[in-house]
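Heavy-atom basis, side chains included; hydrogens, waters and symmetry copies ignored.
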Amino acid sequence: MPGWFKKAWYGLASLLSFASFLLIIVALALPHWLSGKILCQTGVDLVNATDPELVKFIGDIYYGLFRGCKVRQCGLGGRQSQFTIFPHLVKELNASLHVTILLLLFLALALALVSMGFAILNIIQVPYRAVNGPGGICLWNVLAGGVVALAIGSFMAAVKFHDLTERIANFQERIFQFVVVEEQYEESFWICVASASAHAANLVVVAISQIPLPEIKTKMEEATVTPEDILY
């Protein structure tokens with residue numbers, strides 16, 4: 001059985017892995033990966049709007065991996081509309097990249113549970129195989145954190161290099177053309193960053209658990225009789 005010191009740190013490692021699992025679920029569920037400001041370029045061109053009037057043509061947009069919301073401002077007041085990524089909008093995006101992001105996050109969910117299972121195994125017993133011990137915990141956390149980081153990087157690539165926000169803003173727009181003037185990552189994105197950070201923290205936790213503690217030994221002093229004692 002592992003000592004109390006290792007049990008405590010392995011328990012913390014299992015909690016961090018489970019926290020990462022929950023964070024990914026929240027990030028998938030919330031439609032707040034990115035928000036931005038969209039300019040109705042068609043409306044601006046029609047009225048030849050100047051800088052002070054541009055504010056009347058700037059709307060808002062936010063979205064996640066499954067759904068989002070857009071507020072159009074084309075000079076006649078705001079018009080809000082909800083949209084879903086699947087099944088039609090995804091065809092206008094880089095579909096393979098978007099599906100890859102989802103698959104990576106679902107894989108990260110499984111890896112987070114595996115890393116939690118390995119941590120719990122090390123709480124219960126000392127595994128016979130080294131791969132099931134602290135090294136195994138580190139391995140699965142590296143894999144889980146790396147997969148989440150890859151998903152985050154893929155989403156950033158979709159935003160920066162594939163004009164993700166602009167494609168979503170102009171989906172099914174036949175009259176008006178929208179231009180993205182501002183973008184910022186929102187809570188779901190940063191929740192995924194926190195999930196990857198939890199796995200990185202687990203590596204530190206496992207490393208600390210391997211620090212040897214000084215052993216406190218109580219020795220019973222036994223009376224020894226020597227030949228000299230007998231003579232006296």
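Dense packing is recorded around NE2 of His162, with more than 12 heavy atoms of other residues, nucleotides or ligands lying under 6.0 Å away. Atom CZ of Phe66 is surrounded by more than 12 heavy atoms from other residues, nucleotides or ligands within 6.0 Å.
Note: the hydrophobic cluster containing Phe83 also contains Ile175 (ILVMFWY, side chain heavy atoms under 4.5 Å, direct or indirect links). Hydrophobic clustering (side-chain heavy atoms under 4.5 Å, transitive across Ile, Leu, Val, Met, Phe, Trp, Tyr) keeps Val26 apart from Phe18. Clustering ILVMFWY residues whenever any of their side-chain heavy atoms sit less than 4.5 angstrom apart, transitively, puts Ile211 in the very cluster that holds Trp4. Hydrophobic clustering of Ile, Leu, Val, Met, Phe, Trp and Tyr side chains at less than 4.5 Å, counting indirect connections, keeps Phe161 apart from Val90. No path of Ile, Leu, Val, Met, Phe, Trp and Tyr side chains, each step under 4.5 Å between heavy atoms, connects Phe21 with Leu30, placing them in separate hydrophobic clusters.
Between the side chains of Asp163 and Thr165, no donor-acceptor pair of N or O atoms lies under 3.5 Å. Counting only N and O atoms by type, the side chains of His199 and Ser20 include a donor and acceptor under 3.5 Å apart. Between the side chains of Glu182 and Gln184, not a single donor N or O lies within less than 3.5 Å of an accepting N or O. Side chains of Ser35 and Asp60: no donor on one and acceptor on the other come within 3.5 Å. Residues Asn170 and Glu166 bring no donor and acceptor atom of their side chains to less than 3.5 Å of each other.
Contact record, Val148 with Cys192: CG1-O, 3.3 Å, taken as the closest heavy-atom pair. Of all heavy-atom pairs spanning Val205 and Trp9, the tightest one is CG1-O, 3.1 Å. Taking both residues in full, the closest heavy atoms of Gln82 and Gly68 are given as OE1-O, 3.3 Å, listed atom of the first, atom of the second, then distance. Across Arg67 and Ala29, no two heavy atoms sit closer than the pair NH2-O, 3.4 Å. Residues Gly78 and Gln73 approach most closely at N-OE1, 3.3 Å, considering heavy atoms. The two atoms that bring Ile191 and Ala27 nearest to each other are CG2-CB, 4.0 Å, heavy atoms only.
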Checklist entry - Hey, mind stepping through Leu150 and Ile101 against side-chain contact (heavy atoms from CB on, under 4.5 Å) and telling me if it holds? => result CA-CA 8 Å; Leu150 189 58; Ile101 295 170; over 6 Å; no
Checklist entry - Yes or no on side-chain contact (heavy atoms from CB on, under 4.5 Å) for Arg72 and Cys40, after CA distance, side-chain angles and deciding distance? => result CA-CA 7 Å; Arg72 299 192 308 171; Cys40 182; over 6 Å; no
Next on the checklist: If you apply the rule side-chain contact (heavy atoms from CB on, under 4.5 Å), what do you find for Gln41 with Val179, and how did you get there?
Outcome noted: CA-CA 6 Å; Gln41 188 64 52; Val179 177; 3.9 Å; yes
Next on the checklist: Applying side-chain contact (heavy atoms from CB on, under 4.5 Å) to Leu109 and Leu28, what does each step give before you reach the verdict?
Outcome noted: CA-CA 11 Å; Leu109 286 173; Leu28 286 167; 4.2 Å; yes
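At least one side-chain heavy atom of Pro134 sits under 4.5 Å from a side-chain heavy atom of Asn122. Proximity of Lys7 to Ile123: side-chain heavy atoms (C-beta onward) are separated by under 4.5 Å at one or more points. Counting heavy atoms from C-beta on, the side chains of Asn94 and Ser96 come closer than 4.5 Å. With a 4.5 Å cut-off on side-chain heavy atoms, Ile152 and Val193 count as touching. In this structure, Ile85 and Leu93 have side chains that are in contact, with non-hydrogen atoms separated by less than 4.5 Å. Proximity of Ser115 to Ile137: side-chain heavy atoms (C-beta onward) are nowhere separated by under 4.5 Å. Between Phe86 and His98 there is a side-chain heavy-atom pair separated by less than 4.5 Å. Using a 4.5 Å heavy-atom threshold, the side chains of Val159 and Tyr185 count as touching.
The pair Glu183-Lys37 does not meet the salt-bridge criterion, since no charged nitrogen lies less than 4.0 angstrom from a carboxylate oxygen.
Cation-pi contact between Lys70 and Tyr62: absent, since separation from the ring centre below 6.0 Å together with deviation from the ring axis within 45° is not met.
Just one of Leu104, Leu103, Leu102 meets the side chain to side chain contact (heavy atoms under 4.5 Å, CB included) condition when paired with Thr100; it is Leu104.
Ring planes of Phe155 and Phe189: tilted class, angle from 30 to 60°. The aromatic rings of Phe176 and Phe178 sit tilted, their planes meeting at an angle between 30° and 60°.
Asn202 places a side-chain N or O within 3.5 Å of a backbone atom of Ala13 that can act as its donor or acceptor partner. Thr42 places a side-chain N or O within donor-acceptor distance of the main-chain N or O of Gln177, the cut-off being under 3.5 Å. Using a distance-only test at 3.5 Å, with no hydrogens or angles considered, a donor-acceptor pair links the side chain of Glu53 to the main chain of Thr50. No donor-acceptor pair under 3.5 Å is formed between the side chain of Trp190 and the backbone N or O of Trp33.
Distance CH2/Trp140 to CG/Leu113: 11.5 Å, rounded to 0.5 Å. For the atom pair SG of Cys74 and CZ of Phe57, the computed distance is 8.0 Å after rounding to the nearest 0.5 Å. Interatomic distance, CD1 of Ile24 versus OG of Ser195, reported as 3.5 Å (0.5 Å rounding). To the nearest 0.5 angstrom, Ile38 atom CD1 is 10.5 Å from Ile168 atom CD1. One finds the CD1 atom of Ile208 at 8.5 Å from the CG atom of Leu12 (value rounded to the nearest 0.5 Å).
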